[in-house]
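Some notes on the structure that comes next.
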Amino acid sequence: MSDLNLTPNPKPTPEVADELIDGHNYDGIQEYDNPIPGWWTWLFVASIVFTPIYIVWFHAPGMERDVLGQYDRAYAANLEQQFGELGDLEPNAATIMRYIDDDKWLAVGKSTFKTNCVSCHGDGGIGNSGPNLTDDHYKNVQTVEDIATVIANGAAGGAMPAWGNRLHPNAVVLTASYIASLRGTNAPGGKPAEGETIPPWTVE
Amino acid sequence: MTTHPSAAEPSPLAASQEGTAPSPPSAAAGQLESFVYDDKISRFFMVAMYVWAIVAFLVGLLAAIELPFPSVNGGIEYITFGRIRPLHTNAAIFAFAGNAVFAAVYYSTQRLCKARMWSDALSWLHFWGWQLIIVSAALTLPFGITQGKEYAELEWPIDIAIALVWAGFFGVNFFMTLVKRRERHMYVALWFYIATIVTVAILHIFNNIWVPVMSGTLIKSYPIYAGVQDAMMQWWYGHNAVAFFLTTPFLGLMYYFLPKAAERPVFSYRLSILHFWSLVFIYIWAGPHHLHYTALPQWASTLGMLFSLMLWMPSWGGMINGLLTLRGAWHKVTTDPVLKFFVVGITFYGMSTFEGPLLSIKAVNSLSHYTDWTIGHVHAGALGWNGFMGFGMMYWLAPRLFQAPLHSVKQASLHFYLATLGILVYVVSMYIAGIYQGLMWRGIDENGALAYPDFVETTRNIIPFYWFRVVGGLLYIAGALVGGWNLFMTWKARPAKYDEPVHRAPALKDVPLHEEVRPKSEMVGVLEFAKKYDVWSTMWWHRVWERMPVKFTVLVIVAVVVASLFELIPTFVIRSNVPTIATVKPYTPLELLGRDIYVAEGCYNCHSQMIRPMVAETKRYGEYSKPGEFVYDHPFQWGSRRIGPDLAREGGKQSDSWHVLHFEEPNVWSPGSIMPPYPFLMDKKADFKSIPARVNAIKLLHPGDENFDGYPTGDEAVAHAEAQALAIAENVKTQLEVEPGVEGHYINPDGEVIDLSDKQAVALIAYLQRLGTDLFATPAEEEGTVPATETPATAGSDGDDTTSNAAALLGQAQGGR
């Protein structure tokens, strides 16, 4: 074969006994007939063999190992962790006030507040487009259970959206507890007071 | 164990040595044809590649700065992140990488075929057509003219131009050159080019089937697919754009320019064959890995993951063949900038194609998806692999195309080091930012509540890494500018007239064909099957295909189409993939208009609309998204990155007035937010006149859908939209406690009184307030579904006396407003 008279002819390094393929010469580019590395072949085969195994394992009917199955279990576990010992909380004054000094459960209310409420009420309830929740003035709240009502149903012509169908009822109560706990903290940098001064929280 | 068959063909190669000296042909004497390669076209594509590279990088730099420093856009709507990010990606992919591919294809195909391009006219139509497409992208995307699907943003007239230029000019020219070639067998680079050309054409055409909105003032279309199916089509396209626009042509480039530069034979022909076909067949399936944990059917997601894992070795086949080709030439890597770029480029290819399968594993993806990890991954691919291969090729080509020595090898090395450092800083900062933010999103504290409940908190923490990214980008650009100078100075040293050597080779018809011979297995004492396998594995059969470009192309098409149909057909025909939800109704005319504004502003570049079934996610955003919620979404807007929070259940979460305030000054009303201000939404009029055309196009896409019975059209649709807009504007006025006597609904920070009722803001708010609410809507009463523009209907949900009346006119109860 006449391949070898091509430009520029590489000199095979002595330690490699590669075999050039006859007739494979394209604009001077030649090709070796080297075998495919074994590890390449076996990893490729392994990735193919893995396919049916995974499908059967992951999607096995009734085993709930798939994405939604995993979610359902994780969701139930989280619910149990969060509210298992609480049972179903009623959004009344007694219940709301019960958690106002309970750091563990107040933290859950605070987390819910930070996720959903800070965009208007500011971090820590200092107020922004929504009213300051750290003073003694309130616009749509007279009693502590009104907080839960306002969270669930909204207020002020929709300026305060309704969260009743978005949050777990217990989350509404604990968020109300958290908000009730903010009263009187008068956080620095807070928005000027709006609405009326109302009587202190009471449990009827 | 087999003797390799010798394709014992009298070599026509001898007749076509480099240079002009005719060698004595071994066969077919007297029938030599003379030809000259068209290098001018390669020169043009190479320069275009470089110019667009700089443009793409600079736009990327601006986008990168806008994230930690949102006000840098100076309030200019045309350069908000949402509008220029598509410009950046399109410029990087189609302008920079595209022109690099064309430079490579035009230069190498002619030489591998021993033939000039079939038609100079088509070559130049291709060149100028493509540059025109790029310019038209730059003239539409900043103006919000977009289809709203990633890497397929260009609107329908440009889509048609792309199809024409790609298939009609480039494709025809390329395949006719193959037909007229003077080299019997096609080299592996050409296989990759074939796969590129046919597959990109298929992907582009099928992802861009739309209904244009018939309006004299609009360039706008809706894809015929909606929701889940649109997502499936889009990522079938998007993923394979990566495969067949950024991978296969660059592998072809590598297979030509690397052995040329290293002056070494390719490591393994058999590996070329195996990794080529496995890559082409397997890549197509992997698209759904972009949609893990979404409303996509789970079986599709599983296929996406498994085929991505199978893709690992086929991808690495290319890397191995590249790196091992350098055996015996490693000493050259230390001195030759071309090889330096190639080695790092191929290494990045290996890294990205390991990372790709890794990210496609569902558990990993649950962390990485929507984060900057993906951004790091794509830049490792685009800057590390495509960029370095393009630059390496440029340094090899420039002296040859400009017929002058490279201006400065030192500067080329400087470019290399700047680029390497830049990409490393870029990628590492994005990995850290991505993993960090992903962990914050999913963090659950000891009480089972979100550990980082405020989204802004998770953004604020990664700002430093955004600045590191800017530094990385700057280094990369600095390198590219050094390279640009080198290219320019090399060009300046060009001869007054380029030498155009004449080559000679016999036409294929004048060269006797020697059929390939099936080798005989020399194995003894084994099963017949083993012998057959032994013979098969010599790949002698592939040698036959290599001299049949038409058959080869058909086989590639079959591989690609079969794999596609296996995934796409079930997505479309199995009804259970997208269970119908009775309460999900079409958008009202105003919401539709608002949705189109959402698309035009490129909101999807920062906000996803897809809540995944994960506890941390449903706690943050609400109930996870269901497939049936998206049946009226043309296009789907699930997004791929959460620079801002998910909006799938945004409806009712904020008041109408909050949205107005927030559009005006996001950082004031959401301290720490990196969303750019959108004051122009309260200033620009909504295009109410275009509503009937939009409504008609959407209705056309839902024939026989009874949810459209009685849906307002024409002037009625406009009146309906105006009523809903007015209600929202009045709502804002009430909520902001603007004095009733004021002639307007909103007083902006400059003290201007604004009538919102005809502004873009209200249309967008109408859409946002609808998002994700249908799932919880109370099923409408029989009569309630009949739209009645004159009678304000009462709102659907309990205690919801403030819902704008018009919004409920179509009977869509708005959950929770």
Side-chain angles (χ1 to χ4, degrees), chain A residues 1-3 5-8 10 12-13 16 20-27 29-37 40 43-44 47-48 50-51 54-55 58-59 66-68 71 74-75 78 81-82 104 107-108 111 114-115 118-120 123 128-129 153 156-162 165-166, chain B residues 4 6-7 9 11 13-14 18 26 111-112 183 187 259-260 263-271 274 293 298 302 306 309-310 312-313 316-317 320 327-328 447-450 453-454 613-615 619-620 622 652-658 661 669-670 731 734-735 776 799-800 802 815-817:
Chain A
M1 283 308 301
S2 55
D3 304 320
N5 63 0
L6 279 162
T7 53
T13 43
V16 187
L20 286 169
I21 309 175
D22 282 347
H24 287 223
N25 194 316
Y26 310 89
D27 194 30
I29 302 172
Q30 293 174 278
E31 293 178 298
Y32 285 132
D33 189 30
N34 282 317
I36 292 159
W40 186 96
L43 275 173
F44 190 29
S47 69
I48 295 168
F50 175 69
T51 293
Y54 176 86
I55 292 175
F58 193 73
H59 293 283
D66 63 0
V67 167
L68 293 181
Y71 174 71
Y75 180 75
N78 183 267
Q81 182 193 1
Q82 286 213 300
K104 173 178 159 70
V108 174
S111 176
K114 284 187 89 166
T115 303
V118 292
S119 61
C120 292
D123 198 10
N128 193 358
S129 59
N153 299 335
M160 168 70 198
N165 63 358
R166 290 169 191 276
Chain B
H4 199 281
S6 155
E9 188 167 305
S11 174
L13 301 164
E18 294 277 334
S26 56
R111 284 157 174 86
L112 293 171
E183 180 78 80
Y187 176 56
K260 277 282 187 185
E263 300 179 332
R264 294 284 303 156
V266 171
F267 168 68
S268 170
Y269 165 67
R270 280 184 267 168
L271 184 56
L274 213 57
Y293 295 95
Q298 285 201 51
T302 291
L306 293 170
L309 293 176
M310 282 187 254
W312 178 23
M313 280 305 117
W316 271 23
I320 297 168
R327 290 177 319 159
N447 298 320
L450 289 175
D454 184 3
M614 299 172 187
V615 170
K619 271 183 183 299
R620 191 183 298 277
K653 271 193 186 174
Q654 310 287 353
S655 61
D656 295 345
S657 56
W658 182 88
L661 297 173
W669 302 101
S670 178
N731 221 5
T734 314
Q735 291 171 358
F776 306 111
D800 198 355
T802 58
R817 291 228 6 235

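In what follows, chains are A, B, ... by sequence order, proteins preceding strands, each numbered from 1.
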Using a 4.5 Å cut-off on heavy atoms from C-beta on, say whether the side chain of B:F776 contacts that of A:R166.
-> no

Honestly, the part of B:L661 sitting under 4.5 Å from a heavy atom of chain A is side chain

Rounded to the nearest 0.5 angstrom, the CG-OH distance for A:N25 and B:Y187 is 10.5 Å

Looking at A:S119, A:C120, A:S129, A:P37, which one has more heavy-atom pairs under 4.5 Å with chain B than the rest?
-> A:S119

Contact origin within B:S670 toward chain A - heavy atom pairs under 4.5 Å | backbone

When rounded to the nearest 0.5 Å, the distance separating CZ of B:R620 from NZ of A:K114 is 10.5 Å

Between B:G622, B:S657, B:S655, B:G317, which has the largest tally of heavy atom pairs under 4.5 Å with chain A?
-> B:S655

Roughly how far, to the nearest 0.5 Å, is OH of A:Y71 from CE of B:M614?
-> 11.0 Å

Are the side chains of B:T302 and A:I55 in touch, meaning some heavy atoms are under 4.5 Å apart?
-> yes

Residues passing the ring-ring contact (aromatic ring centres under 6.0 Å, His included) test with B:W312, sequence neighbours excluded, are B:W316, B:F354

With A:Y54, which residues qualify under ring-ring contact (aromatic ring centres under 6.0 Å, His included), at least two apart?
-> A:F50, A:F58

Could you pull out the closest heavy-atom pair between B:L271 and A:W40, with the gap in Å?
-> CD1-CE2, 3.9 Å

What option among B:P259, B:P613, B:A449 has the most heavy-atom pairs under 4.5 Å with chain A?
-> B:P613

Honestly, the part of A:N78 sitting under 4.5 Å from a heavy atom of chain B is side chain

Output the distance between atom CG (A:L68) and atom OH (B:Y293), rounded to the nearest 0.5 Å.
-> 11.0 Å

Return yes if some donor-acceptor pair links the side-chain N/O of A:S111 with the main-chain N/O of B:L450 below 3.5 Å, else return no.
-> yes

Does B:S268 reach the main-chain N or O of A:I36 with its side chain, forming a donor-acceptor pair under 3.5 Å?
-> no

If only atom types and distance count, is the side chain of B:K260 paired as donor or acceptor with the main-chain N or O of A:D27 below 3.5 Å?
-> yes

Under 3.5 Å, is there a donor-acceptor pair between the side chain of B:Q298 and the main chain of A:V67?
-> yes

Without swapping roles, check the side chain of B:W669 against the backbone of A:N128 for a donor-acceptor pair under 3.5 Å.
-> no

Minimum heavy-atom separation for A:F44 to B:M310, with atom names?
-> CE1-O, 3.4 Å

Just wondering, do A:P35 and B:R270 contact through their side chains at under 4.5 Å, heavy atoms?
-> yes

Shortest non-hydrogen contact from A:A156 toward B:Q735 = O-CG, 4.0 Å

Is a donor on one side and an acceptor on the other found under 3.5 Å between the side chain of A:Q82 and the backbone of B:N447?
-> yes

